[in-house]
Amino acid sequence: MTNDNTPSRRTVLRGAALTAATIPIAGAARPAAGSSLSRKRTPVTVGPGDPRYDSLVFRGYNRRFECRPDQIRVVGSTQDVILAVDEAVRSGRRIAVRSGGHCFENLVDDPAVRMLVDMSTMTDVRYDRRRNAFMVEAGATLGEVYQRLFLEWGVTIPGGTSADVGVGGHICGGGYGALCRVHGLTVDHLYAVEVVVVGRDGRAASVVATREASDPNRDLWWAHTGSGGGNFGIITRYWFRSPGGDPAEPLPRPPSTVLDFSLDWSWDELDRDTFVRLLRNYGEWTERNSAAGSPAAALYGEFTLTSWPTETITLSGQVATDKGARPLLDDLLKALGRGVAARPARQVATLPWLLAATKGFGGGPGPFHRVKMKSGFRRRRFTDEQMAVAHHHLTRTDYGHPYGHLFINTYGGRVSTVSPSATAMAHRDSTFLAGFLVGWDDPSEDARHLGWIREFYRDIYAGGGGVPAGADDEGAFINYPDTDLADPEQNTSATPWHALYYGDGYSRLRQVKRRWDPHDIFRHALSISTG
């Protein structure tokens, strides 16, 4: 499960010049689904003392957590996963799975985990002619997927902006990114998923579940459209095909270029009132320009408010359209400047789409930090009072740490056209997704940094019991997992953690859990309950 939220060069022609290599439905036959889709790899079992052990253990993003399993199984096929799960069940070992390793909590890196299944060599991306869909193995990174889909077929999925995030957890948590306002979430294009599950007989088996109404396994597909990873089994492969539309165009085609921008305001020019006005302008512009089908839905922005003594706060993003990109950005710039004397330093460039999709937006702590993350969906902009609270916590002289963040990302657009019950991603009415993030290095400073981010979050959501449960809130994002939401000392609202993540869908997810993981083999601190 990932940050969730990472983002290469265009060489495929479009329009009339497209060939069989770029339009798979019209091209030469390609391998169908099945074992032929995966190169044969020999599985590897690594234990303590093996020189590879520490490298595999330290693939986890968050240094606050670490597991030291008896075995790490580096798998190369679905059959390898079945054998690993069978052995874990037989020996009574707690099992977990790692794709990209970007989980923010101890859902994978838990001392109780005795077998870790590492998916990092399962990276194939293929066209499955029989399903008219693109197969992606769960160990592939977003960067690998973007490059393969685009260079070989001229298509993409609307995933995140961090290229090194693994698709394994990103997709099933309802991944979003720079194209989500135009094309929806990744799960809105998910046709099928292959999962290794453990049945009532205690034996592991692989199941392919599709979105077809006639599929008896459809509930398992639905559960993987927003519930996050590690709940029902181990995902080995995904298939992507957009619902409806032209069968010769199974997935969206990105624009040939995007207008990439970064705007930096100096903290020295931002007193509290100016800061509040700037964020109000950003919020109001986004509210006006987040309707599905709006031309401005092509503009995606991440406003990263980094704590003092960092010198600046930054709005970075992309305008993903081949026509009219600059007027859209100019309209945003005009709106941001209303009543704000401070002017940002600008960096604006037209980039090939693939380069823009894989370079990322920067910001946030790196992979060797101790990290805490929180989130909140918003139907409307944060109030002026909430932004005044944000200004206070970001400029506190008694904290003075340069790696605290509040980011406010644009959302909505095409995302809002899908019913909350159509997928397990229930958050379909939001205009913004906010994230609270802090990173540090020294374990002796854990209490200081955890205290800061918890106070910040609590004060922003004071009207909702310290969590995003107010009238204009729509809960939290499971790909930014936060175990504090399950702690009654941190969540003093009447809204349980699972309602914040899943809305009204939790009871349905529990039914799926009871069917597909009756022995609760796959579990973690925020997993779906069988009870």
Side-chain angles (χ1 to χ4, degrees), residues 8-41 76-79 99 119 121-160 163 166-168 170-172 175 177 179 183-195 206-212 215 221 224-225 235-256 353-354 357-358:
S8 317
R9 191 176 313 273
R10 184 172 176 83
T11 62
V12 180
L13 298 177
R14 298 184 63 189
L18 284 169
T19 67
T22 56
I23 303 181
I25 194 69
R30 295 179 182 269
S35 60
S36 63
L37 282 173
S38 300
R39 297 187 302 272
K40 179 62 178 175
R41 309 175 188 88
S77 69
T78 299
Q79 185 59 34
S99 175
M119 306 292 291
T121 67
M122 290 187 65
T123 60
D124 277 359
V125 178
R126 302 285 182 93
Y127 170 64
D128 180 346
R129 186 177 181 84
R130 180 165 64 88
R131 291 190 171 95
N132 186 28
F134 293 94
M135 186 282 296
V136 176
E137 288 188 322
T141 65
L142 287 173
E144 290 170 330
V145 173
Y146 295 155
Q147 184 169 2
R148 291 288 304 278
L149 288 178
F150 186 65
L151 295 184
E152 296 187 40
W153 298 282
V155 299
T156 192
I157 56 174
V167 300
H170 178 75
I171 303 301
C172 62
L179 293 177
H183 296 297
L185 304 176
T186 55
V187 292
D188 299 337
H189 304 269
L190 181 62
Y191 175 73
V193 60
E194 181 180 68
V195 191
S206 65
V207 176
V208 174
T210 75
R211 67 172 177 239
E212 299 291 348
D215 188 344
W221 165 83
H224 285 88
T225 60
I235 302 159
T236 52
R237 295 187 289 182
Y238 292 106
W239 283 263
F240 295 97
R241 189 179 84 200
S242 301
D246 184 351
E249 298 283 348
L251 283 176
R253 293 189 179 277
S256 59
W353 175 80
L354 188 54
T358 55

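All heavy atoms count here, side chains included; hydrogens, waters and symmetry mates do not.
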K.L.:
Tell me the closest heavy-atom pair linking V208 and A192, and the distance in Å.
P.N.:
CG1-CB, 4.4 Å

K.L.:
Does the side chain of L251 come within less than 4.5 Å of T156's, by heavy atoms?
P.N.:
no

K.L.:
Check salt bridge (charged side-chain N to carboxylate O under 4.0 Å, His left out) between E194 and all other residues, then give those that pass, not counting sequence neighbours.
P.N.:
R237

K.L.:
Would you name the heavy atoms of S99 and V167 that are closest together and state the gap between them?
P.N.:
OG-N, 3.9 Å

K.L.:
Is any side-chain heavy atom of I235 less than 4.5 Å from a side-chain heavy atom of I171?
P.N.:
no

K.L.:
Hey, are the side chains of T186 and H170 touching, using non-hydrogen atoms and a 4.5 Å cut-off?
P.N.:
yes

K.L.:
Would you find a donor on one side and an acceptor on the other, under 3.5 Å apart, between the side chain of Y127 and the backbone of L149?
P.N.:
no

K.L.:
Any heavy-atom pair between the side chains of L190 and R211 that's under 4.5 Å?
P.N.:
no

K.L.:
Mind checking side chain to side chain contact (heavy atoms under 4.5 Å, CB included) for Q79 and listing every partner two or more places apart, or none if nothing turns up?
P.N.:
S77, I82, L83

K.L.:
Run the salt bridge (charged side-chain N to carboxylate O under 4.0 Å, His left out) test against R241 and tell me which residues pass, sequence neighbours left out.
P.N.:
E212

K.L.:
Distance from E137 atom CD to Y238 atom OH, nearest 0.5 Å?
P.N.:
12.5 Å

K.L.:
Does T78 offer a backbone N or O that forms a donor-acceptor pair with the side chain of T236 under 3.5 Å?
P.N.:
no

K.L.:
If you compare all heavy atoms of P250 against all heavy atoms of F134, which two are closest, and at what distance to 0.1 Å?
P.N.:
CB-CE1, 3.9 Å

K.L.:
Taking all non-hydrogen atoms of both residues, which atom of G139 and which atom of T123 are closest, and how far apart?
P.N.:
O-CG2, 3.8 Å

K.L.:
Got V136 and W239 here, is their nearest side-chain heavy-atom distance under 4.5 Å?
P.N.:
no

K.L.:
Go through the structure and list residues passing side-chain hydrogen bond (donor to acceptor under 3.5 Å, both in side chains) with T210, not counting sequence neighbours.
P.N.:
D215

K.L.:
Over all heavy atoms of both residues, which pair between G168 and C172 is shortest? Give the atoms and the distance, please.
P.N.:
O-SG, 3.4 Å

K.L.:
My understanding is that only residues two or more places apart in sequence, or in another chain, count here; which of them pass side-chain hydrogen bond (donor to acceptor under 3.5 Å, both in side chains) with H189?
P.N.:
S242

K.L.:
Are the side chains of E152 and Q147 in contact, using a 4.5 Å heavy-atom criterion?
P.N.:
no

K.L.:
Ignoring hydrogens and geometry, is there a side-chain-to-backbone donor-acceptor pair from R148 to W153 under 3.5 Å?
P.N.:
no

K.L.:
Partners of H183 by ring-ring contact (aromatic ring centres under 6.0 Å, His included), sequence neighbours excluded?
P.N.:
none

K.L.:
So W353 and Y146, would you call those rings parallel, tilted or perpendicular, with 30° and 60° as cut-offs?
P.N.:
perpendicular

